[in-house]
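Below: the structure, in C-alpha cells.
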Amino acid sequence: MKNSNGMNEIFLSPYNPKDTEERIYKVWEESGFFNPDVCIKKGIVNETSPAFTIVMPPPNANGNLHAGHALFITVEDIMIRFKRMNGFKALWLPGADHAGFETQVVYEKKIEKEGRSRFGMNPDDLYKEILNFTLENKKNMEMQVRQLGASCDWSREKFTLDQDVVDKTQDTFIKMFNDGLAYRGKRAINWCYKHQTSLSEVETESTEESSTFYYFKYGPFEIGTVRPETKFGDKYVVMHPDDKRYAEYQHGQKIKLEWINGPIEATVIKDSAVDMEFGTGVMTITPWHSQVDFEIAQRHNLDMEQIIDWRGKLLPIAGEFTGMNIKDARPKIVEKLKEKGLLTRVDDKYKNVVKKCYKCNTVIEPQIKDQWFVKMTPLTKMAIESVDKGEIKFIPDNYEKIFRYWMNNPIDWNISRQIVWGISIPAWFRGEEYVASKEKPEGDGWVKDTDTFDTWFSSGQWPLMMTNYPDGADFPVYYPSDVMETGHDLIFKWVPRMVIFGLYLTGRAPFHTVYLHGLVNDAQGKKMSKSKGNVVNPLELTDKYGTDALRMALIVGNTPGTDVALQENKVKAYKNFANKLWNITRFILSSTEDFNGDKPSPLNDSDEKLIAEFNELIKDVTVDMDNYRFYLAAEKLYHYVWHTFADKIIEESKEKLKSQNKEVVQSIQYTLIHILETTLILLHPFMPFITEEIWSKLNKDKLLMVTKWPSAI
RNA sequence: GGGCGGUUAGCUCAGUUGGUAGAGCGUUCCCUUGACGUGGGAAAGGCCGUGGAUUCGAAUUCCUCACCGCCCACCA
C-alpha cells in the first residue's frame, strides 16, 4: 500500500463519472478478465476452481434498453463480480434475441409508416430487411449493456439466429417429433387477423369487457350468446345430462326448428361441460370458433364448419351476410332474428372475458388450423419432479407456487407461427402426409413448411445453446448454469420452458436458482408505458449521474420479486455518495503521504477496535451477498461508509493525525488506508466504475475486479 | 371465478431467525470546521390497515375482515 507519490491531482475536482466510465470499461474489456479462461491463464483462478455461471436473458435486438434491463444487468453483474472476486470461474453469457413475433411487429409498424405492408412482400426480402434492422439494433444494444458496466464475456456472445442455434433448435424439434412430443394437429388455435398468425396462450391477453348478451328461441329451447355472427352453423344443442329441466330430450334426438336463414335440423347433445346454472342451461355450439365447443365436438365426434374466414369475414354459410366482417354483421343478424320473432331478450350488462392479441389488441378469433404442437404433460411432469426434489429454488420462494400452478395446468403448446422472422420449422408436407426433417424427403411433391417457431421454442433452449450443448467444450464445465435471473413476468413464459428443455435434453435442470426481480416503475410507482409517457430512459440517468449511482438506486431497498419505483432523486443521492467516496479518498491520500506502508504492530487500541467493527461489517455483507440480499448489503455499505467511516472514523482521525506521537499517527494512517481499500473491494460489485478508478490511483498492480474478496477473520 | 403480493415517517420503500422501528428524498433550525456545501451538526414526523389469537414480549407467527395492486381463467 505504498503511497509515496503523493496525492493525485485528479482528486482535486469532484468525481466525474462521464470521464471515467468509458475508459474503465475499456480497461476491463482489454484485460480479458470477463472471460474465465483468461482468468485461469493469468493465474487469477485455478482450472479446478468451481464455476459460477449466469446466462443473461438476451435483450431484444429491436430497440433501446429500458429500465428493466438496467435492473437485471445490475443484479447479475453484482452476482458475477462477487463470485469472480471469490475465486470462482465466473462466467456471464451475453446474448441478443431476434425476438420473433415482437420484432416482426416492430418492423411491420415501421414499414406501415412508410406506406408498405408485409403482405404481398417476398418473404425472403422481408426476412433480409428485418435481419438488417435487427443487426443494426443489436450493436446499439450491446453498447448500452457495456455502458451499464456488465462484466459479461463478449467472446462467447450469441445471437438467437446464429447458425448453430438454428441447427440445434431444429434438431430438438425433430427429436421431439420422433419421441412423439411434437405433433401435427388440427386444433383450436388463437388467430390474430391483423398479424395473420396463430399465437400461443402467453401471447394473448384476457380482458374483462361489458358485452351484450342475446337470448334466442332455438326450437323448444332458449339459448344465449354474445356472438350471434357465429351461429349460422349451429346444429347441435347441448345440455347437461343431469339437468332435470331437459330430461325429456334424449342424446342424439333430432329436432326441426327455424333458424337464421331458414329451417334446420338440430341434434341434442348431452355433455357435462355445460353449466346448468348459467343462462338457461342450454347452448348451441360453434366448434370452429370456440375452444370449449371444439372440445365438446371432439368428444362426440361432431361436424365442424368454419364460419369466419382468416380475414374476419363471414363465409358463404352465412347466406345473405356472406363477406361481411364480424362487427358489421352482428347487429344485422340480431335485427333479422328479431324480425323473425326469435330474439327473446337482451342483457346489455353482461360481463365476459375477451382474448386479445397482446401486441395489437385485436380480438383473437379461435380457429381450427393445422399446426405443430408440443405435448406438454410428460414435460411438465419432469419439471414438477425436479422442483419436488429441490433441484430448483426460487427467490422469492412464493414463486415456486406460481411455477407449480403453471406446470400442473399445462395446455399443449402451439409452436407454429405464420411469420417469416424466426427459425424455420424443418417440416415437409405432401397432401395429408408430413415429415419432420431438415432435408427434403425422397419423392416428388413435397412442400416445405413456411412457418417459423414460436420464439420461446428456441429461447427455451437458451441455457443449452449458450453452453454449446451437446458437445462443446463449455458444456461440461458451465452447464447447468447457477442462477437464472429474470423478471417475475417471465415465471410462466420463459422459466418453465427452459426447465423443460433442459430436463428433456440433458436430464438436468438448466439452473439451481431462479432469482426474479420486479418491474421498474416510475417515481410514483406506476407502471411505465409509452402511452402514459412516463418511461424513464436509464441511459439518460447514467449520463446525468453516472452508472454507479443508477445501479445503487436500483439495488438499495429493492427486494427480489417486488416492483421498484425509479426516482431520480434517489439516483442523485447515490451520485452524492460516489462523490463522498471520492473525497474520503482525497482526505486519506493527503493525510497518509508520509506513511511508509507497513502495518504498525501493535495498532492503537482504539484503531484495533475500529478494525474489529469493520470486520463485523465484512461478515454481515458477505452473508447477505451469499444469500442474494444485495439490497441489504448495499445499504449497509452505504451507511457504514458515510455515517461511520466518514462521519466518525475520519472526523476523529483528524485529532489523532495531529498527534506528536508517531505511533499514534501511523496506527490511524494504516487503519484509514485499510478500511478504504477493503471498502472499495466490498463496494465494487455495486459501484464498479468509481471503485476501480480509485483503486487504480492507489498504485495497485492488479485490477480491482479480480482482487480477492476480504475475509473477516 | 381462482391465485399471489402489498397495506410501516409527507413521498418511494427497507426491516434476514419475534425484544416497543430505519433509509433516500422532502421539512425546520444551526454551521464559510483546511476531504467533500454533491458537506457537517441537530430536530420534528409513525398507537407499523382492522379485529382477534399465541407469547414475558409481535411491524415480525396464526386467523378474520377491509382496501390497493398484479397474475391467471374455455361459463356459451
Side-chain angles (χ1 to χ4, degrees), chain A residues 7 11-15 188 201-202 204-206 208 213-215 223-227 230-231 234 237-238 273-286 289-296 350-353 355 366 396 398-402 404-406 409 411 488-489 491-492 518-519 521-527 545 549 552-553 556-559 561-591 620 623-624 627-629 631-636 638-639 642-643 646-647 650-651 653-654 672:
Chain A
M7 185 157 59
F11 287 101
L12 294 176
S13 46
Y15 174 60
E201 298 309 313
V202 298
T204 66
E205 252 168 27
S206 300
E208 191 173 83
F213 194 81
Y214 304 94
Y215 287 92
I223 59 147
T225 184
V226 285
R227 302 201 57 192
T230 65
K231 294 286 146 191
D234 288 14
V237 59
V238 191
V274 176
D275 180 355
M276 291 188 270
E277 310 290 314
F278 184 82
T280 58
V282 179
M283 65 179 192
T284 61
I285 56 169
T286 314
H289 300 289
S290 156
Q291 177 79 30
V292 193
D293 295 3
F294 174 77
E295 280 163 20
I296 292 172
Y350 180 70
K351 289 225 158 63
N352 67 333
V353 171
K355 244 191 214 180
N398 61 297
Y399 279 91
E400 181 180 322
K401 269 189 218 163
I402 298 172
R404 282 178 183 277
Y405 174 80
W406 207 255
N409 297 280
I411 301 172
H488 66 30
D489 52 327
I491 183 68
F492 53 85
L519 255 45
N521 293 325
D522 74 3
Q524 281 74 42
K526 295 270 184 299
K527 201 168 170 170
Y545 303 106
M552 282 296 275
V556 174
N558 178 15
T559 49
T562 308
D563 296 349
V564 56
L566 178 51
Q567 295 176 308
E568 188 163 338
N569 271 344
K570 197 172 167 188
V571 184
K572 197 173 160 191
Y574 289 106
K575 180 190 162 70
N576 294 351
F577 177 60
N579 194 52
K580 188 78 182 175
L581 193 60
W582 192 249
N583 284 298
I584 286 171
T585 308
R586 176 177 164 183
F587 173 79
I588 291 176
L589 285 182
S590 69
S591 335
D620 263 16
V623 170
D624 285 337
N627 290 288
Y628 305 98
R629 295 191 295 253
Y631 57 104
L632 282 182
E635 187 171 357
K636 283 175 188 168
Y638 170 87
H639 204 263
W642 203 310
H643 300 298
D647 291 350
I650 288 182
E651 285 309 318
S653 77
K654 287 174 182 171
L672 290 175

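Quick note on labels: first sequence line is chain A, next is B, and so on, each numbered from 1. We use all heavy atoms of the structure for the numbers below, so side chains are in, but hydrogens, waters and symmetry mates are not.
- Comparing A59(B) with U17(B), their P atoms are spaced 15 Å from each other, to the whole Å.
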Listed pairs, N/O of protein and of nucleotides 74-76 of chain B, under 3.5 Å:
| residue | atom | partner | partner atom | Å |
| --- | --- | --- | --- | --- |
| C75(B) | O2 | Asp275(A) | OD2 | 2.6 |
| A76(B) | OP2 | Tyr350(A) | OH | 2.1 |
| A76(B) | N6 | Asp275(A) | O | 3.1 |
| A76(B) | N6 | Phe278(A) | O | 3.0 |
| A76(B) | N1 | Asp275(A) | N | 3.3 |

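- If you take CG of Asn558(A) and P of G22(B), they are 22 Å apart, rounded to a whole angstrom.
- Tyr574(A) places its OH atom 13 Å from the P atom of G39(B), with the value rounded to the nearest Å.
- Gln567(A) places its CD atom 13 Å from the P atom of G24(B), with the value rounded to the nearest Å.
- In this structure, Tyr638(A) has its ring center closer than 6.0 angstrom to the ring center of Tyr574(A).
- No engagement by Trp582(A) is indicated, since no non-hydrogen atom pair under 4.0 Å with the nucleic acid exists.
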Per-nucleotide protein contact along nucleotides 31-36 of chain B, 5' to 3', at a 4.0 Å heavy-atom cut-off (B base, S sugar-phosphate only, - neither), is ----BB
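- Leu672(A) is not listed as a side-chain neighbour of Ile584(A), based on a closest heavy-atom distance of 4.5 Å or more.
- When both distances must be under 3.5 Å, the Watson-Crick or G-U wobble mate of U55(B) does not exist.
- Without hydrogens or angle criteria, Asp624(A) side chain to Arg629(A) main chain gives no donor-acceptor distance under 3.5 Å.
- Of the possible donor and acceptor atoms, one in the side chain of Asn579(A) sits under 3.5 Å from a partner among the backbone N and O of Tyr15(A).
- Rounding to whole angstrom units, CE of residue Met552(A) and P of C13(B) are separated by 19 Å.
- Put simply, the side chain of Thr585(A) gets close to the backbone of Leu581(A): a donor and an acceptor are under 3.5 Å apart.
- Looking at Ser290(A), its side chain never comes within 3.5 Å of a backbone N or O of Thr286(A) through a donor-acceptor pair.
- Taking a pair to require two hydrogen-bonding distances under 3.5 Å in either a Watson-Crick or a G-U wobble arrangement, C70(B) pairs with G3(B).
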Sub-3.5 Å pairs of nitrogen or oxygen atoms, protein against nucleotides 1-8 of chain B:
| residue | atom | partner | partner atom | Å |
| --- | --- | --- | --- | --- |
| C4(B) | O2' | Asn398(A) | ND2 | 3.4 |

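- The gap from the C1' atom of U20(B) to that of A58(B) amounts to 10 Å, rounded to the nearest Å.
- Across C47(B) and U32(B), the matching C1' atoms stand 44 Å from one another, rounded to whole Å.
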Check the pair Phe11(A) / Ile588(A) against side-chain contact (heavy atoms from CB on, under 4.5 Å), numbers first and verdict last.
CA-CA 11 Å; Phe11(A) 287 101; Ile588(A) 291 176; over 6 Å; no
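- The nucleotide C25(B) finds its pairing partner in G10(B), both defining distances of the Watson-Crick or G-U wobble pair being shorter than 3.5 Å.
- Using C1' as the reference atom, C63(B) and G24(B) are 36 Å apart when rounded to the nearest Å.
- Between Trp406(A) and Val202(A), the closest side-chain pair of non-hydrogen atoms falls below 4.5 Å.
- Tyr405(A) has its side chain out of reach of Ile491(A): every pair of non-hydrogen atoms, C-beta onward, lies at least 4.5 Å apart.
- Mapping Ala565(A) and Pro14(A) onto RNA chain B via the closest heavy atom, the residue that lands nearer the 5' end is Ala565(A).
- U7(B) sits 39 Å from A76(B) when the C1' atoms are compared, rounded to a whole Å.
- Among the protein residues, Ser591(A) comes within range of no part of the nucleic acid, since none of its heavy atoms lies under 4.0 Å from any strand.
- Rounded to the nearest Å, the gap between the C1' atom of U60(B) and that of C48(B) is 10 Å.
- In a base pair of the Watson-Crick type (N1 to N3 plus N6-O4 or O6-N4) or a G-U wobble (N1-O2 and O6-N3), with each distance short of 3.5 Å, U50(B) is matched with no nucleotide.
- Across all strands shown, U20(B) has no partner, as no Watson-Crick or G-U wobble contact with both distances under 3.5 Å is found.
- To the nearest whole angstrom, the two C1' atoms, one in A23(B) and one in A14(B), are 7 Å apart.
- Checking the phosphate oxygens (OP1, OP2) of G24(B), a side-chain nitrogen or oxygen of His643(A) falls inside 4.0 Å.
- Considering only side-chain N and O atoms, Asn576(A) lies under 4.0 angstrom from the phosphate OP1 or OP2 of G39(B).
- With contacts defined as side-chain heavy-atom distances shorter than 4.5 Å, the pair His488(A)/Leu519(A) qualifies.
- For the C1' atom pair drawn from U50(B) and C29(B), the interatomic distance equals 39 Å after rounding to whole Å.
- Rounded to whole Å, atom P of G22(B) lies 15 Å from atom NZ of Lys636(A).
- For Glu201(A), the salt bridge (charged side-chain N to carboxylate O under 4.0 Å, His left out) partners two or more places apart in sequence, or in a different chain, are Lys355(A).
- Applying the salt bridge (charged side-chain N to carboxylate O under 4.0 Å, His left out) test to Asp293(A) and every residue at least two apart in sequence or in another chain returns nothing.
- Straight-line distance from the OH atom of Tyr638(A) to the P atom of C13(B): 19 Å, rounded to whole Å.
- Between the NZ atom of Lys526(A) and the P atom of U12(B) there is a distance of 8 Å, rounded to whole Å.
- Considering only heavy atoms from C-beta on, Met283(A) stays 4.5 Å or farther from Phe278(A) through its side chain.
- If you measure from atom NZ of Lys570(A) to atom P of C25(B), you get 11 Å, rounded to the nearest angstrom.
- Of the candidates A14(B), U38(B), A23(B), the closest approach to any side-chain atom of Tyr631(A) belongs to A14(B).
- Legend: salt bridge (charged side-chain N to carboxylate O under 4.0 Å, His left out) pairs involving residues 570-585 of chain A, not counting sequence neighbours: none detected.
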